[in-house]
Engineer: 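Got a structure for you, written out below as C-alpha cells; questions coming shortly.
Values in this document were obtained by computation on a predicted structure and should not be read as measured data. Both counts, for ligands and for their atoms, begin at 1 and track the order of listing.
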Amino acid sequence: MDAAHTTVTPVVWMPETVQEAYALYQEYFPDAEWIAGGTWRQVEREKGRAFTGNVIVLERISGLASLQEEEKYVRIGACMTLEQLIENPVISREILGETLRRIAAPAVRTRGTIGGNIMYGHGDALPALIALQAELEIWNGESYACIPVEEAASYDGVFLLTAVLLPKTLEKGPDEVHFFEKIGRREAFTASLLAVSGCIRRQGGGSIRARLALVGGKDAPVRLRRAEACVAEPGWTPESFFEALAADYQPEDEPFSSGNYRLQAAAHLFLSHLWLEDKAEKGGVHKT
Ligand SMILES: Cc1cc2nc3c(=O)[nH]c(=O)nc-3n(C[C@H](O)[C@H](O)[C@H](O)COP(=O)(O)OP(=O)(O)OC[C@H]3O[C@@H](n4cnc5c(N)ncnc54)[C@H](O)[C@@H]3O)c2cc1C
C-alpha cells in the first residue's frame with residue numbers, strides 16, 4: 001500500500017467534563033476534532049475527509065444530554081439527540097419540533113444531536129432557532145458565554161457548544177404564525193437545498209412584525225433583517241419583499257442548485273406565509 005492510502009487509526013478520547021474536552025482539543029489541535037452523534041462526520045469521512053488523529057467524543061459529558069425548563073427559557077443540552085427532542089412535549093409543540101421531525105430519517109435522528117446539527121454549519125434547525133430568538137451557550141476555554149445563533153458562524157475563536165437556550169413562546173394568538181419549510185432533491189432523507197423559517201405577528205394595515213431566517217446549500221445561515229424591515233411597513237408588496245430579500249441573501253451557484261434558484265425559491269416559500277395566507281383569509285386568493 002502506498003503512503004497516500006495508509007489510514008491512521010485515531011486515538012479516541014472520552015472526556016467527562018466540558019473543560020477536559022476543550023483542553024484535549026487545544027492540546028492536539030489541528031490534529032483533533034469533537035464528535036457528538038457522528039452522523040454528519042461519518043458521511044464526510046465516506047466522501048474522503050479522514051478523521052483527525054484525535055477524536056474527542058462528547059457523549060460522556062454530563063449536562064450536555066439533558067433538558068431543563070427555566071422560568072423564561074428551555075435549556076437544551078448540545079448532545080441531546082433529535083429524537084429525544086421530538087419526543088419532548090415542550091419542544092414538540094414549538095416550530096422547532098416540526099423542524100426536527102423533518103430532518104433525515106429515524107436512524108439518523110436517533111444518533112444525531114442538536115449540537116451537531118448546529119455546528120456542521122448548515123443544519124435545518126438553524127433558521128428555526130434564529131426565528132425563535134434562541135441563543136447558544138458556549139465554553140470558549142476561559143468562560144461560558146451566550147451568543148445569538150446567527151453569530152456562531154462568525155464567532156472569533158474556537159468554542160464548544162454546551163447548550164441551546166430556547167425562549168419560551170407565549171400562547172400563540174390567531175395573528176401569530178410560526179413556520180418552517182424546506183426543499184431538497186428528494187422529498188425526504190436528504191440534506192436540504194434550502195430551509196426557511198419565520199415567526200410573524202400580523203399588525204394593523206398589513207404590516208407584519210417578523211423574524212425571518214434561512215439556510216441554503218453551503219451558505220451560513222442568514223437572519224433576513226432587510227426583509228423583516230420591509231414587511232414591517234404597511235404598504236409592502238411581494239416585489240418590495242423580493243428586493244429586500246435579495247439585499248439580505250446573495251447565494252452562490254452550487255452543483256445542484258444555482259444561487260438564483262435558491263433566492264427565487266426562498267422568496268416563494270416566505271411569501272406563501274407572509275402574503276398568500278393573509279390574502280386567502282380575506283378571500284383574495286383561491287385556496288384549495
Ligand atoms: C442520511 C442523512 C440525512 C441527513 N439529513 C439531514 C437533513 O435533512 N437536515 C439536516 O439538517 N441534516 C441532515 N443530516 C446531517 C446530520 O446528520 C444531522 O444534522 C445531525 O443532527 C448531526 O449531528 P451529529 O451529532 O451526528 O453531528 P456530528 O457528525 O457528531 O458532528 C457534526 C459537526 O459538529 C461538530 N460538533 C458536534 N457537536 C459539537 C459541540 N457540542 N460543540 C462543537 N462542535 C460540535 C463536530 O466537530 C462536527 O464538525 C443528514 C445526515 C445523514 C447521514
Engineer: Give me the one residue out of Phe270, Phe242, Trp236 that meets ring-ring contact (aromatic ring centres under 6.0 Å, His included) with Trp275.
Structural biologist: Trp236
Engineer: Would one find an N or O of Glu33, backbone or side chain, under 3.5 Å from an N or O of ligand 1?
Structural biologist: no
Engineer: Side chains of Glu181 and His273: donor-acceptor distance under 3.5 Å anywhere?
Structural biologist: yes
Engineer: Below 4.0 Å from any atom of ligand 1, is there a heavy atom belonging to Gly38?
Structural biologist: yes
Engineer: Show the atoms of ligand 1 that are less than 4.0 angstrom away from any heavy atom in Leu160.
Structural biologist: 42 (N)
Engineer: When you look for heavy atoms under 4.0 Å from ligand 1, do you find them on the side chain of Met119, its backbone, both, or neither?
Structural biologist: both
Engineer: Could you tell me whether Gly37 and ligand 1 have an N or O pair separated by under 3.5 Å?
Structural biologist: yes
Engineer: Might you confirm whether atom CD of Glu243 has over 12 heavy atoms from other residues, nucleotides or ligands at distances under 6.0 Å?
Structural biologist: no
Engineer: Report the part of Leu82 in contact with ligand 1, treating N, CA, C, O as backbone and CB onward as side chain, heavy atoms under 4.0 Å; options are side chain, backbone, both, neither.
Structural biologist: side chain
Engineer: Going by the atom numbers of ligand 1, which of them fall below 4.0 Å from some non-hydrogen atom of Ala36?
Structural biologist: 25 (O), 30 (O), 37 (C), 38 (N)
Engineer: Hey, does Ala104 come in under 3.5 Å of ligand 1, counting only N/O atoms on both sides?
Structural biologist: yes
Engineer: Which value, rounded to the nearest 0.5 Å, describes the distance between Asn260 atom CG and Glu252 atom CD?
Structural biologist: 12.5 Å
Engineer: Using distance only, find each side-chain donor-acceptor pair of residues 151-158 under 3.5 Å and give its atom names and separation, not counting sequence neighbours.
Structural biologist:
| residue | atom | partner | partner atom | Å |
| --- | --- | --- | --- | --- |
| Ser154 | OG | Glu151 | O | 3.4 |
| Tyr155 | OH | Asn140 | ND2 | 3.3 |

Engineer: Which pairs with one or both residues in residues 57-68 pass salt bridge (charged side-chain N to carboxylate O under 4.0 Å, His left out), sequence neighbours excluded?
Structural biologist: Glu59-Arg111
Engineer: Tell me yes or no: between the side chains of Glu83 and Thr110, is some donor less than 3.5 Å from an acceptor?
Structural biologist: no
Engineer: Could you name the option among Trp40, Trp139, Tyr120, Phe159 that has the heavy atom nearest to atom 49 (O) of ligand 1?
Structural biologist: Trp40
Engineer: Going by distance only, is there an N or O of Lys182 that falls short of 3.5 Å from an N or O of ligand 1?
Structural biologist: yes
Engineer: For the pair Ile200 and Leu212, evaluate side-chain contact (heavy atoms from CB on, under 4.5 Å) and give the outcome as yes or no after the intermediate values.
Structural biologist: CA-CA 8 Å; Ile200 66 176; Leu212 308 173; 4.1 Å; yes
Engineer: Do the rings of Tyr25 and Phe29 sit parallel, tilted or perpendicular, given the 30° and 60° boundaries?
Structural biologist: tilted
Engineer: Could you go through Glu44 and Lys47, starting from their C-alpha distance and side-chain angles, then the distance that decides it, and tell me whether this counts as salt bridge (charged side-chain N to carboxylate O under 4.0 Å, His left out)?
Structural biologist: CA-CA 5 Å; Glu44 289 294 295; Lys47 288 185 199 159; 3.3 Å; yes
Engineer: May I ask you to check if ligand 1 and Ile103 share an N or O to N or O distance below 3.5 Å?
Structural biologist: no
Engineer: Hey, is Val43 touching ligand 1 through its side chain, its backbone, both or neither, going by heavy atoms under 4.0 Å?
Structural biologist: side chain
Engineer: I need the atoms of ligand 1 closer than 4.0 Å to a non-hydrogen atom of Arg41, numbered in the order shown.
Structural biologist: 29 (O)
Engineer: Does an N or O anywhere in Thr113 fall below 3.5 Å from an N or O of ligand 1?
Structural biologist: yes
Engineer: Can you list the ligand 1 atoms lying under 4.0 Å from a non-hydrogen atom of Asn117?
Structural biologist: 10 (C), 11 (O), 12 (N), 18 (C), 19 (O), 21 (O), 22 (C), 23 (O)
Engineer: Does the pair Leu132 and Cys199 meet the rule for a side-chain contact (heavy atoms from CB on, under 4.5 Å), with working shown?
Structural biologist: CA-CA 7 Å; Leu132 288 163; Cys199 294; 3.8 Å; yes
Engineer: Given Val108, Thr52, Ile61, which has its nearest heavy atom closest to atom 1 (C) of ligand 1?
Structural biologist: Val108
Engineer: What part of Leu58 sits under 4.0 Å from ligand 1 if we count only heavy atoms: the side chain, the backbone, both or neither?
Structural biologist: side chain
Engineer: What atoms of ligand 1 come closer than 4.0 angstrom to any heavy atom of Gly123?
Structural biologist: 11 (O)
